[in-house]
Number of protein chains: 2
Amino acid sequence: MRRDIFQAIADPTRRAILVLIAVHAMTPNAIAEHFDITRQSISKHLRILSECDLLAQKQDGREIFYELKIDKMKEIDIWLDQFRKMMEERFQQLDQVLFTIKNKKK
Amino acid sequence: MRRDIFQAIADPTRRAILVLIAVHAMTPNAIAEHFDITRQSISKHLRILSECDLLAQKQDGREIFYELKIDKMKEIDIWLDQFRKMMEERFQQLDQVLFTIKNKKK
DNA sequence: TCTTTGTGAAGCCGATCGGCTTCATATTTA
DNA sequence: TAAATATGAAGCCGATCGGCTTCACAAAGA
């Protein structure tokens, strides 16, 4: 089974879960309240995210709080680095265009 | 059919294609030479990437050069912004730890 | 102890994925 | 014009996805 962070964030529900728990750790039930799908489906998503090492669990009695392992998100950032220089150059080009337009107005 | 940039980069072959053509525009045949799958499968990936607005085509006779629309990659970066502040804080914490270790050695 | 609550695991199902093969079409070249 | 080349489209197939329902189990509370 393919399990990597890119496949993990491919699903919109999983992306929403990540954003949710980024603020603070939450239990599966609390997370499920934010969606229109069953608690069990959320649980499945949590398992997938955990397998990708994106989540950490903290047990408190019978409740399990899931929290985001933010370091793992860095991996996406690192992959994006390959394109970052190109992206920045494009921005500079845009800046140049805006600069030229500005000067023409004078 | 779900078609967004996150689903587009979920496949490792598609990520490799993006990296390949980021350097310079390439034809489907040229791209396929870098992989162990058929030209037709590459073509399918190119169609998916195009549907996500990640690629631009430039026809030259019977050859079609695909090039990366780098601006679209920005969307991933923008999504990551939600976590960036947290990631930076973690780095600062790490810096603090390293700083403390460094001072203890003295 | 019995019931409620929080959770995970297993299995079902229709849709999609990512390969493949085959075919159609357009351009170039001999 | 005929053959070779570059490409896209359609359809097949096994695997996976993302929902669902059902069940098992442990912890907490009446």
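Quick caveat, the model's predicted, so the values are computed rather than measured. Proteins get letters first, then strands, A, B, ... in listed order; numbering begins at 1 in each.
One N or O on the side chain of A:Q59 and one on the backbone of A:G61 form a donor-acceptor pair closer than 3.5 Å. Of the possible polar contacts, one joining the A:R15 side chain to the A:I9 backbone as a donor-acceptor pair under 3.5 Å is found.
Checked against salt bridge (charged side-chain N to carboxylate O under 4.0 Å, His left out), A:D81 has the following partners two or more places apart in sequence or in another chain: A:R84. Taking the side chain to side chain contact (heavy atoms under 4.5 Å, CB included) definition, one finds that B:I70 meets it with A:F83, A:M86, A:M87, A:R90, B:L68, B:M73, sequence neighbours left out. Contacts of A:N29 classified as side chain to side chain contact (heavy atoms under 4.5 Å, CB included), with partners at least two apart in sequence or in another chain: A:T27, A:R39. With sequence neighbours excluded, the residues forming a side chain to side chain contact (heavy atoms under 4.5 Å, CB included) with B:I31 are B:I17, B:L20, B:I21, B:M26, B:F35, B:I42, B:L46, listed by chain and number. B:K85 meets the side chain to side chain contact (heavy atoms under 4.5 Å, CB included) test with B:E89; sequence neighbours excluded. Residues passing the salt bridge (charged side-chain N to carboxylate O under 4.0 Å, His left out) test with A:K72 are A:E75, sequence neighbours excluded.
Annotation: of the two residues near DNA chain D, A:D60 and A:A10, the 5′-most nearest-nucleotide partner is A:A10.
As rounded to whole Å, 13 Å separates atom C1' of D:dC25 from atom CD of A:Q59. Rounded to a whole Å, the CZ atom of B:F35 is 10 Å from the P atom of C:dG19. Taking atom CZ of B:R3 as the reference point, atom P of C:dA15 lies 16 Å away to the nearest angstrom. Whole-Å rounding puts the A:I37 CD1 to D:dG18 C1' distance at 8 Å. Put simply, CZ on A:F6 is 17 Å from P on D:dC17, counting in whole angstrom units.
Contact check, A:S41 against D:dG18: no side-chain N or O comes under 4.0 Å of OP1 or OP2. The side chain of A:Q7 places no N or O atom within less than 4.0 Å of a non-bridging phosphate oxygen (OP1 or OP2) of C:dC17. Phosphate proximity of D:dC17 to A:H45: absent, as no side-chain N or O sits under 4.0 Å from OP1 or OP2.
Within the structure, the salt bridge (charged side-chain N to carboxylate O under 4.0 Å, His left out) test picks out the following pairs touching residues 56-66 of chain A (sequence neighbours left out): A:K58-A:E67.
A heavy atom lying under 4.0 Å from DNA chain C marks the following residues of residues 13-21 of chain B, by number: B:T13, B:R14.
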Open item on the list: Walk along nucleotides 2-10 of chain C from 5' to 3' and tag each nucleotide B, S or - by protein heavy-atom contact under 4.0 Å, base first, then sugar-phosphate.
Closed with: --BBSBBB-
